[in-house]
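Have a look at the structure below before the remarks.
Each chain gets a letter, A, B and so on, in the order the sequences are listed, and its residues count up from 1.
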There are 2 protein chains.
Amino acid sequence: MSDVARAAGVSLATVSKVINGRYGVAQATVERVQQVIQELGYEVSLGAQSLRSHRTNVLGILVAEFEPFSTELLKGASREVAGTGYQLLAYSGGDGDVAAIGWERRSLARLSGSLIDGAVIVTPTVVETKQGFHVVAVDPHTGPSGLPTVDSDNFAGAVLATNYLLSLGHRRIGHISGRPDLESARLREAGFRKAMADADVPVDESLVRVGGFRIESAAGTAAELLTLADRPTAVFAGNDLSAISTIDVARNMGITVPDDLSVIGFDNVPESALVNPPLTTIMQPLQRMGAEALRLLIDLIGGVDRDTHIRLPTELVVRASCRPYAPAWRRLPLSTRPASTGD
Amino acid sequence: MSDVARAAGVSLATVSKVINGRYGVAQATVERVQQVIQELGYEVSLGAQSLRSHRTNVLGILVAEFEPFSTELLKGASREVAGTGYQLLAYSGGDGDVAAIGWERRSLARLSGSLIDGAVIVTPTVVETKQGFHVVAVDPHTGPSGLPTVDSDNFAGAVLATNYLLSLGHRRIGHISGRPDLESARLREAGFRKAMADADVPVDESLVRVGGFRIESAAGTAAELLTLADRPTAVFAGNDLSAISTIDVARNMGITVPDDLSVIGFDNVPESALVNPPLTTIMQPLQRMGAEALRLLIDLIGGVDRDTHIRLPTELVVRASCRPYAPAWRRLPLSTRPASTGD
DNA sequence: TTGAAAGCGCTAACAT
DNA sequence: ATGTTAGCGCTTTCAA
């Protein structure tokens, strides 16, 4: 900045005023300084600026890691931020150690009070928000606290998924749930139970197991379920990752999806369409959630008085991983079937 | 930080030394200070730290916006960064104005020299790299300059795409290219022409048009191509977005893909599997490119002597948007076809 | 082993 | 209308 000041023959303060569009600078000076800034290709340092002014016009999106879920949100947020004058800074604070708790607090402490004017935090477990600094949580793990929140209707989505399986004639339906301390996981399990109850189908507790929302942990759970003597004919996985994992495990066990086993997921991350067979799942409008979260954050910063809890609807996306229930003998080649009993 | 110092009964300097693991602090003091840091949940401010020390252990990924291409890279980079001790900061410097040139320079100026220790820049047009600050370019628009670069083999990929269409029996093949000032666009067109020439199929210049790599601009180009009296039977689109756009335009004109028109794309972004029909395309290993770029950057910072140009192979991904060429009458219902001539 | 103090690039209050 | 100057939170000599 001092280079600019020197080249333009003015003081640092004047350059700063020009950059920030403050009053009290002669038009001619403004133009000259801007000219020099252009020529030198100068840009204010985000670090220094934030340190001093606590206003940067940069909004943060804090995630544990960049995976399909968070990057979808990012796409939505990126679209929404266009034209607002804000820039987006996405920070991945997880240190590879997946279970590492507290990344959201650490990241926030590291960036807030400087650098960013507000933050969207993706799937935080806990957040103590600092006074005067705006934060909105997307799909928080502990459910709406006092914090402004954007999430989707996990309960209704789970009912949707379960009803779909039920409508296909399945009765022995398994559920691979997320960690029980996560609100979304609890709601999905609750929706599952509600739909089963409404259909008067008792839940076999041996078919409901914790899968933890991750590929590896879900694989173990899926294996348990599928080695059961009386294994389920359909599985509602707590999220797409678990579902993909389940399909994988099934394949390795010689169980064909969807012929021998129907699988439905939750989230509709792009990857769910890429597996074989393409996954039937419940869509959360992830990009829209990202966009809504960003809009909410901007409104909060702008002091707009508005609703601070946004819940978006889920939808069934039918692809190819589920099919109507058929007893085992119906799935045999025609020639080897027992004589038809008309069932 | 002064809170910590006061609570621990030491000076600011000592706290700083503890945080940065400097020598010359008594073990007992170290422990006491760390204890206090824990209790207070203190984290150093990224802004202030970088301002002073020019070392933050944060690596930047600079993109114009968060769209399918850049977010795939992000996923790969995120995986690669785990366990390295670095954190990832993705910055979207485009201001919504798509054509806005120079975002890469602006973003870099804003973040470098502070905040980040090095940067991966996605599809930059120009980059004058500052001395002592490491930058690697992914898929730069102007081709390998002196800069360390990661890209995929655009030329070979285009040959792959064109040969596939050729092998399906197509001869009237159109190409919707990207902007001619982009290296990747030029290479894809060159590959197209090479494959055509090798197959002794003359290129009809009226079927080769600029589409600009974006949904909207490609739509106009696709419309031009498809309203031609003697329209192509197959189109090699310069990227998936253009291909998706082409399918869309065709549908609106009553032209069915792949029955009446084969379309092949380039990139294999996740979205390409989600369109109807699922897009046959050329895969660039995007996540791997992101991972390689990050690894290269870390090596550069670490002073590792290594190859600084990485070119990854492309691959044909067959989905459902292409099918063997058949003359128009062969696509009529059987009953209305002219008598077979044995062709 | 510890602390005092200078200064990183910038902004804002205050002087001129 | 412009310039001077005091910090923002931190790291790093250098002195004690």
Side-chain angles (χ1 to χ4, degrees), chain A residues 1-34 36-37 40-58 106-117 130 132-133, chain B residues 1-34 36-37 40-58 106-117 130 132-133:
Chain A
M1 186 158 130
S2 59
D3 290 350
V4 174
R6 198 176 323 114
V10 295
S11 72
L12 286 174
T14 304
V15 175
S16 175
K17 282 171 192 158
V18 170
I19 287 169
N20 297 289
R22 298 270 179 275
Y23 294 113
V25 183
Q27 189 55 34
T29 312
V30 170
E31 277 160 16
R32 182 155 36 93
V33 172
Q34 268 165 349
V36 173
I37 288 176
L40 268 51
Y42 167 82
E43 289 290 324
V44 309
S45 150
L46 221 205
Q49 183 179 53
S50 75
L51 189 54
R52 189 59 232 240
S53 78
H54 291 192
R55 188 62 155 64
T56 57
N57 286 317
V58 175
R106 280 203 312 278
S107 297
L108 202 52
R110 212 132 188 246
L111 303 183
S112 74
S114 64
L115 280 187
I116 54 177
D117 297 346
K130 297 167 71 161
F133 182 81
Chain B
M1 186 157 129
S2 59
D3 290 350
V4 174
R6 198 175 322 116
V10 295
S11 72
L12 287 174
T14 304
V15 176
S16 175
K17 283 171 191 158
V18 170
I19 287 169
N20 296 289
R22 298 272 177 275
Y23 293 114
V25 183
Q27 189 55 35
T29 312
V30 170
E31 277 160 18
R32 183 156 34 94
V33 171
Q34 268 164 349
V36 173
I37 288 176
L40 267 49
Y42 167 83
E43 290 289 325
V44 308
S45 150
L46 221 204
Q49 181 178 53
S50 74
L51 189 55
R52 190 58 231 243
S53 77
H54 291 192
R55 189 62 154 65
T56 56
N57 286 318
V58 175
R106 280 203 311 278
S107 298
L108 201 52
R110 221 146 172 231
L111 302 184
S112 74
S114 63
L115 280 185
I116 54 177
D117 297 346
K130 296 166 73 160
F133 182 81

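- Set against D:dC10, C:dT11, D:dC8, the side chain of B:Y42 has D:dC10 as its closest nucleotide.
- Remark: the B:R52 side chain and the C:dG7 base include a donor-acceptor N/O pair separated by less than 3.5 Å.
- Between B:A7 and B:V36, the shortest heavy-atom distance links the atoms CB-CG1, 3.6 Å.
- At the phosphate of D:dG9, neither OP1 nor OP2 sits under 4.0 Å from any side-chain N or O atom of B:Q49.
- Taking both residues in full, the closest heavy atoms of B:V25 and B:K17 are given as CG2-CB, 3.7 Å, listed atom of the first, atom of the second, then distance.
- Where B:T14 and B:A48 meet DNA chain D, the nucleotide closest to each residue was compared, and B:A48 sits on the side nearer the 5' end.
- Side chain of B:A26, nearest nucleotide from D:dC10, C:dT1, D:dT2: C:dT1.
- Nucleic acid contact for A:T29: sugar-phosphate only, since backbone atoms but no base atoms lie under 4.0 Å from a heavy atom of the residue.
- In terms of position along DNA chain C, the nucleotide closest to B:A13 lies nearer the 5' end than the nucleotide closest to the other residue of the pair B:A13 and A:V44.
- Checked against B:T56 for a side-chain contact (heavy atoms from CB on, under 4.5 Å), the options B:L51, B:L46, B:V44 give a single hit: B:L46.
- Applying the 4.0 Å criterion to OP1 and OP2 of C:dG3, one finds that B:S11 has a side-chain N or O inside that range.
- A sub-4.0 Å separation between OP1 or OP2 of C:dA12 and a side-chain N or O of A:R22 is present.
- Taking 4.0 angstrom as the limit, B:S16 places a side-chain polar atom (N or O) nearer than this to OP1 or OP2 of D:dT11.
- Residue A:A8 comes nearest to A:V33 through the heavy atom pair CB-CG2, 4.1 Å, listed as atom of the first residue, atom of the second, then distance.
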